[in-house]
Amino acid sequence: MDTIRIETSGGSYPVHIGKGIRTKWRELIDDYASYSSFFIITDEAVEAHYLSSILGEEKLSYFIVPSGEESKSFEQYHQCMTALLEAELDRKSCIISLGGGVVGDLAGFAAATYMRGIDFIQIPTTLLAHDSSVGGKTGINHELGKNLIGAFHQPAAVIYDIECLRTLPDREWRSGFSEVIKHALIHDETFLNWLVDRRKAVQNYSDEELQFMLKKGINVKGAIVKEDERETGVRAYLNFGHTLGHAIEAELGYGKVTHGEAVAIGMIFALRMSEEYFQTKLRMDELRIWFESLGLPVAVPRELDIMKLLQRMKVDKKAENKSLKFILLKEIGTPTKVSIDDEAALKLLKKSVER
Ligand code: NAD
Ligand code: MG
């Protein structure tokens, strides 16, 4: 087992990564005995695979939401709160989030707001959750946009059992891998080379390779969160590939592409833009071919209207004064934020559409 400590303003918490460790969660929580009760929040797919192994012999209360992004809703949040109240959780209770980013964001927000905030721990079950389970962003969606209602609330611990990943559908592996690649691109070219050198899809990684990869990816996320917990500066670098990625997700309709697929297109676009902006070579062609070999999309779908994508990018939650801001790379591992004028962005978008 590896343990990484995530440093935040409110203290630090451990991220344990290992094989089969989910059943040992009781031993892995520092203050297990100090909690008055535990309550599990999970989704239908994860319940079928893993709930019983978390419960063990114990009769814990739990709440199961339908699988998928739709569960990050006011309705599920309300039902979840009702379940917590009915189970009589108090301020010394602890919520366990068992699942991917959807369950993590919902359960985290429930924990952040139940009686003004109680502890929660993350037991992530998707590869994407190496990103979402660390850093303390929690929240739900509003019909006017994703993740618009939320709170910063750090988990008390993250227990990452790589065994859980083995039941993921291929598409979810790929989606999570895209964020792993992002972490490498913005922070660590050696790690990027390690990934490229595997020359295989991430679902074919050995346990040792998976463990190493998660450790590296979480370290990048942890380093950035430590520097900028509330996203007033460098945390924006985690948005590499996301300006266009978010626009594509919103224009296609959520669920048509996975988040990671949209981000893959956005990263190739941002690499292309970086090469033009800084008049440099950044391995864009090589990485595009690598993405394709992994089954990740690299071009803007033909059916999308480029003008609408541009408009979306300008009203992105992270845009400033409705001007276009992109995270670009001066070099691999060296991100920076730049303003781009509409014309230049449009020209590159046209070049990036599927042929
Ligand atoms: P998800 O939680 O919906 O999981 C994807 C699918 O896989 C679901 O259908 C789920 O039921 C299923 N699943 C989960 N674990 C499984 C397993 N071990 N075996 C088989 N099936 C399994 O999605 P996700 O990709 O993990 O997360 C996406 C969400 O994360 C988005 O809502 C996004 O906004 C959020 N997110 C949050 C942060 C953050 O910092 N809080 C960061 C990135 C993404
Ligand atoms: Mg993301």
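Every number for a ligand or one of its atoms is a count from 1 in the order of the listing.
- Numbered from 1 in the order shown, with element, the atoms of ligand 1 that lie under 4.0 Å from a heavy atom of D131 read 43 (C).
- The shortest heavy-atom contact between S53 and T23 is O-CG2, 3.6 Å.
- Of all the heavy atoms of D43, the ones lying under 4.0 Å from any atom of ligand 1 belong exclusively to the side chain.
- For the pairing with K281, the salt bridge (charged side-chain N to carboxylate O under 4.0 Å, His left out) check across E276, E275, E331, E286 returns one residue only, E275.
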Report task. Go through the steps to decide whether N239 and K337 satisfy the test side-chain hydrogen bond (donor to acceptor under 3.5 Å, both in side chains), and finish with yes or no. Result -> CA-CA 10 Å; N239 237 28; K337 195 191 229 177; over 6 Å; no

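- Here the shortest heavy-atom distance to atom 39 (C) of ligand 1, taken over S132, G104, G101, belongs to S132.
- Within E179, OE2 is the N, O or S atom that lies nearest to the Mg ion (ligand 2).
- When each of T125, T42, T167 is tested with Y50 by the rule side-chain hydrogen bond (donor to acceptor under 3.5 Å, both in side chains), just one qualifies, namely T167.
- In this structure, the protein non-hydrogen atom closest to atom 14 (C) of ligand 1 is T126 CG2, 3.3 Å.
- Note that the OG atom of S175 and the CD atom of E261 stand 6.5 Å from one another [nearest 0.5 Å].
- Per-residue contacts place A45 under 4.0 angstrom from the following atoms of ligand 1 (heavy atoms of the residue considered): 11 (O).
- Taking the ring centroids of F39 and Y62, they lie at or beyond the 6.0 Å cut-off.
- Annotation: D105 places an N or O atom under 3.5 Å from an N or O atom of ligand 1; distance criterion only.
- When all heavy atoms of Y160 and I21 are compared, the pair lying nearest together is O-CD1, 3.5 Å.
- At a heavy-atom distance under 4.0 Å, no atom of T258 approaches ligand 1.
- Residue contacts with ligand 1 for K146 involve side-chain atoms from C-beta outward but no N, CA, C or O (heavy atoms, distance under 4.0 Å).
- Q122 and S97 share a donor-acceptor pair across their side chains, judged by distance under 3.5 Å alone.
- The protein non-hydrogen atom at the shortest distance from atom 13 (N) of ligand 1 is V46 CG2, 4.0 Å.
- The side-chain hydrogen bond (donor to acceptor under 3.5 Å, both in side chains) test with E251 singles out one residue from Q311, K256, R312, H246, and that residue is R312.
- With a 4.0 Å cut-off on non-hydrogen atoms, N147 touches ligand 1 through its side chain and not its backbone.
- In this structure, Y35 has its ring center closer than 6.0 angstrom to the ring center of F38.
- With a heavy-atom cut-off of 4.0 Å, T125 touches ligand 1 through backbone and side chain alike.
- The angle subtended at the Mg ion (ligand 2) by NE2 of H259 and NE2 of H242 is 90°, given to the nearest 10°.
- The shell of residues lying under 4.0 angstrom from ligand 1, judged by heavy atoms, includes K221.
- Of the residues R198, K215, R199, the one that meets the salt bridge (charged side-chain N to carboxylate O under 4.0 Å, His left out) test with E209 is R198.
- Remark: ligand 1 and V102 share an N or O pair separated by less than 3.5 Å (distance only, no angle test).
- For the pair S175 and ligand 1, the shortest N or O to N or O distance does not fall below 3.5 Å.
- Scanning the protein for heavy atoms near atom 44 (C) of ligand 1, the closest one is L128 CD2, 3.6 Å.
- When the heavy-atom distances from atom 7 (O) of ligand 1 to K72, Q122, E172, E69 are ranked, the shortest goes to E172.
- Scanning the protein heavy atoms around atom 16 (C) of ligand 1, the nearest turns out to be L168 CD2, 3.5 Å.
- The shortest N or O to N or O distance between C164 and ligand 1 is below 3.5 Å.
- Every atom of ligand 1 is numbered from 1 in the order shown, and the set under 4.0 Å from a heavy atom of Y50 is 18 (N).
- For atom 9 (O) of ligand 1, the choice among S67, S71, P169, G99 with the nearest heavy atom turns out to be S67.
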Query - Step-by-step side-chain contact (heavy atoms from CB on, under 4.5 Å) determination, F240 to I181 - result: CA-CA 11 Å; F240 180 70; I181 298 169; over 6 Å; no

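- Aromatic ring orientation, H153 versus F120: parallel (interplanar angle below 30°, classes split at 30° and 60°).
- Closest approach of S178 to M267, counting heavy atoms only: O-CE, 3.3 Å.
- Residue D131 does not count as close to the Mg ion (ligand 2), with no N, O or S atom under 2.8 Å.
- Ligand 1 places these atoms under 4.0 Å from at least one heavy atom of T167: 17 (C), 18 (N), 19 (N), 20 (C).
- Taking all atoms of both residues into account, the shortest heavy-atom contact from L282 to S274 is CD1-CB, 3.4 Å.
- Using a 4.0 Å cut-off between heavy atoms, E179 makes no contact with ligand 1 at all.
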